[in-house]
Trainee: 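Dropping the structure in here first, questions after.
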Amino acid sequence: MIPKTFTEEDLKNTFREFGDIEYCVIIRNKFTGESKGLGYVRYYKPSQAAHAIENCDKSYRAILAEPRSKNNSSEDYSAGGTRGGEYSSADSANQYPFTTPDQGSYAMLDLRQSDFTRSLMMSTRAVVTQEQIFALFDLIPGMEYCELHRDSYGMSKGHALIRYNNLGSAVYAKEKLNGFEYPPGNRLQVSFYDDGE
């Protein structure tokens with residue numbers, strides 16, 4: 001949420017400390033032109049987007065947004081045409097958004113649904129070490145816990161629990177690493193996991 005008095009320039013000035021901004025959009029009522037108190041910030045790099053989500057003032061309630069298909073696009077946003085989108089804050093997606101058919105417009109991705117958690121379960125058939133899993137999932141900023149599960153003999157059970165300190169990083173990690181080949185020839189399976197946190 002942003003103050004309804006914010007302009008695109010205010011939004012840009014508030015969030016430029018986290019990285020290079022491609023553009024900003026204030027979401028407005030299509031009939032009155034009045035701000036809805038929502039904004040969208042698009043960064044050039046994924047790491048800058050993650051940095052903004054983790055470190056911006058929590059009153060903005062920043063979340064990631066994913067592209068909206070043209071079929072779902074029902075509002076015309078005066079500030080940004082169809083490139084803008086609804087979300088609950090100055091979003092910090094980037095030029096590498098979630099894979100969807102249309103990357104021209106954005107919709108709200110409600111990360112407060114019960115299907116999403118900060119924890120992920122990674123499964124693999126290959127032999128991997130704790131250090132390898134840690135290094136892979138630590139590429140996404142915000143990882144706070146990573147444990148490869150082992151049997152009573154210390155051998156890998158083929159799955160690991162990973163937890164991020166924010167929901168946006170967990171969603172991004174799942175989208176980018178689910179199906180990723182590591183080591184080459186072995187596809188990782190990554191899913192949300194409710195560990196009670």
Side-chain angles (χ1 to χ4, degrees), residues 18-19 41-56 58 60-69 72 85 87-103 106-197:
F18 303 112
V41 176
R42 184 175 179 103
Y43 288 92
Y44 284 104
K45 294 182 179 179
S47 59
Q48 295 169 337
H51 181 61
I53 286 176
E54 290 179 10
N55 298 304
C56 74
K58 299 305 176 207
Y60 292 121
R61 300 192 318 202
I63 62 171
L64 290 174
E66 71 178 5
R68 178 193 299 190
S69 71
N72 295 341
Y87 69 105
S88 292
S89 159
D91 176 19
S92 50
N94 51 62
Q95 71 180 11
Y96 309 104
F98 302 129
T99 305
T100 61
D102 175 29
Q103 299 200 6
Y106 293 82
M108 180 174 202
L109 175 60
D110 188 356
L111 300 178
R112 294 165 292 210
Q113 295 176 10
S114 61
D115 295 344
F116 297 101
T117 67
R118 294 183 307 125
S119 299
L120 301 172
M121 182 61 69
M122 184 279 313
S123 300
T124 181
R125 291 180 295 158
V127 176
V128 292
T129 66
Q130 170 79 26
E131 292 77 19
Q132 290 171 317
I133 299 301
F134 183 92
L136 184 63
F137 282 84
D138 196 40
L139 291 172
I140 290 89
M143 187 179 73
E144 64 181 14
Y145 179 81
C146 177
E147 182 184 353
L148 181 64
H149 293 190
R150 302 174 190 274
D151 63 18
S152 59
Y153 300 104
M155 302 298 293
S156 170
K157 288 185 175 182
H159 57 272
L161 176 65
I162 298 96
R163 185 178 309 117
Y164 288 90
N165 62 12
N166 69 78
L167 206 46
S169 291
V171 170
Y172 189 77
K174 188 217 182 264
E175 291 298 317
K176 293 301 179 183
L177 296 175
N178 187 38
F180 183 73
E181 282 194 28
Y182 186 81
N186 176 68
R187 291 198 184 276
L188 300 178
Q189 293 180 356
V190 181
S191 57
F192 291 108
Y193 179 73
D194 185 4
D195 64 350
E197 284 290 318

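Small disclaimer: the values here were computed from a predicted structure and weren't measured.
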Trainee: Between Val127 and Gln132, which heavy-atom pair has the shortest distance, and what is it?
Mentor: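 Reported closest heavy-atom pair: O-OE1, 4.3 Å.
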Trainee: Would you say CZ of Phe18 has more than 12 non-hydrogen atoms from neighbouring residues, nucleotides or ligands within 6.0 angstrom?
Mentor: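 Result for CZ/Phe18: enclosed.
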Trainee: Under the side chain to side chain donor-acceptor pair (under 3.5 Å) test, which residues partner Tyr145, sequence neighbours left out?
Mentor: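 Tyr145: side chain to side chain donor-acceptor pair (under 3.5 Å) contacts with Glu147.
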Trainee: Does Glu54 reach the side chain of Ser169, with side-chain heavy atoms less than 4.5 Å apart?
Mentor: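 A side-chain contact exists here, since the closest heavy-atom pair is under 4.5 Å.
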Trainee: Would you call Leu177 and Leu139 a side-chain contact if the rule is heavy atoms closer than 4.5 Å?
Mentor: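 In short, these two side chains do not touch, never coming nearer than 4.5 Å.
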Trainee: Please check: side-chain N/O of Glu144 versus main-chain N/O of Arg163, any donor-acceptor pairing under 3.5 Å?
Mentor: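 Such a contact is absent between Glu144 side chain and Arg163 backbone.
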Trainee: Considering all heavy atoms of both residues, which atom of Gln48 and which atom of Tyr43 are nearest to each other, and what is their separation?
Mentor: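 Closest approach of Gln48 to Tyr43: CB-CD2, 3.8 Å.
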Trainee: Please report the closest heavy-atom contact between Asn166 and Ile53, naming both atoms and the distance.
Mentor: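 Taking Asn166 first and Ile53 second, the nearest heavy atoms are OD1-CG2, 4.0 Å.
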Trainee: Could you measure the distance from the CG atom of Leu188 to the CZ atom of Arg125? Nearest 0.5 Å is fine.
Mentor: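 With rounding to 0.5 Å, CG (Leu188) is 11.0 Å from CZ (Arg125).
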Trainee: List the residues meeting side chain to side chain contact (heavy atoms under 4.5 Å, CB included) with Ala126, not counting sequence neighbours, and say none if there are none.
Mentor: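 So Ala126 forms a side chain to side chain contact (heavy atoms under 4.5 Å, CB included) with Thr124, Pro183, Asn186.
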Trainee: List the atom pairs, donor and acceptor, that lie under 3.5 Å between side-chain atoms in residues 154-162 and the rest of the protein, sequence neighbours left out.
Mentor:
residue: Ser156; atom: OG; partner: Gly158; partner atom: N; Å: 3.0
residue: His159; atom: NE2; partner: His149; partner atom: ND1; Å: 3.2

Trainee: Only pairs at least two apart or in different chains count here, so list each salt bridge (Lys or Arg N to Asp or Glu O under 4.0 Å) that has a residue in residues 177-192.
Mentor: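 Qualifying pairs, neighbours excluded: Glu181-Arg187.
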Trainee: Closest heavy-atom contact between Met143 and Phe137?
Mentor: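 Distance-wise, the nearest heavy atoms are SD-CB, 3.7 Å.
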Trainee: What's the spacing between Leu136 CG and Lys176 NZ if we round to 0.5 Å?
Mentor: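 So the gap between those two atoms works out to 13.5 Å.
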Trainee: Please enumerate all residues that pass side chain to side chain contact (heavy atoms under 4.5 Å, CB included) together with Ser152, with sequence neighbours excluded.
Mentor: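 Per chain and number, Ser152 pairs via side chain to side chain contact (heavy atoms under 4.5 Å, CB included) with no residue.
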Trainee: Sequence neighbours left out, what passes side chain to side chain donor-acceptor pair (under 3.5 Å) with Asp138? Give chain and number order.
Mentor: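 Scan of Asp138 (side chain to side chain donor-acceptor pair (under 3.5 Å), adjacent residues dropped) gives none.
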Trainee: For side-chain contact (heavy atoms from CB on, under 4.5 Å), just list the numbers for Val171 and Phe192, CA-CA rounded to whole Å, side-chain angles, deciding distance to a tenth of an Å, and then say yes or no.
Mentor: CA-CA 8 Å; Val171 170; Phe192 291 108; 4.0 Å; yes
Trainee: Sequence neighbours left out, what passes side chain to side chain donor-acceptor pair (under 3.5 Å) with Asn165? Give chain and number order.
Mentor: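 Asn165 satisfies side chain to side chain donor-acceptor pair (under 3.5 Å) with no other residue.
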Trainee: Could you check Leu120 against Tyr164 for side-chain contact (heavy atoms from CB on, under 4.5 Å), going step by step and ending with a plain yes or no?
Mentor: CA-CA 8 Å; Leu120 301 172; Tyr164 288 90; 3.8 Å; yes
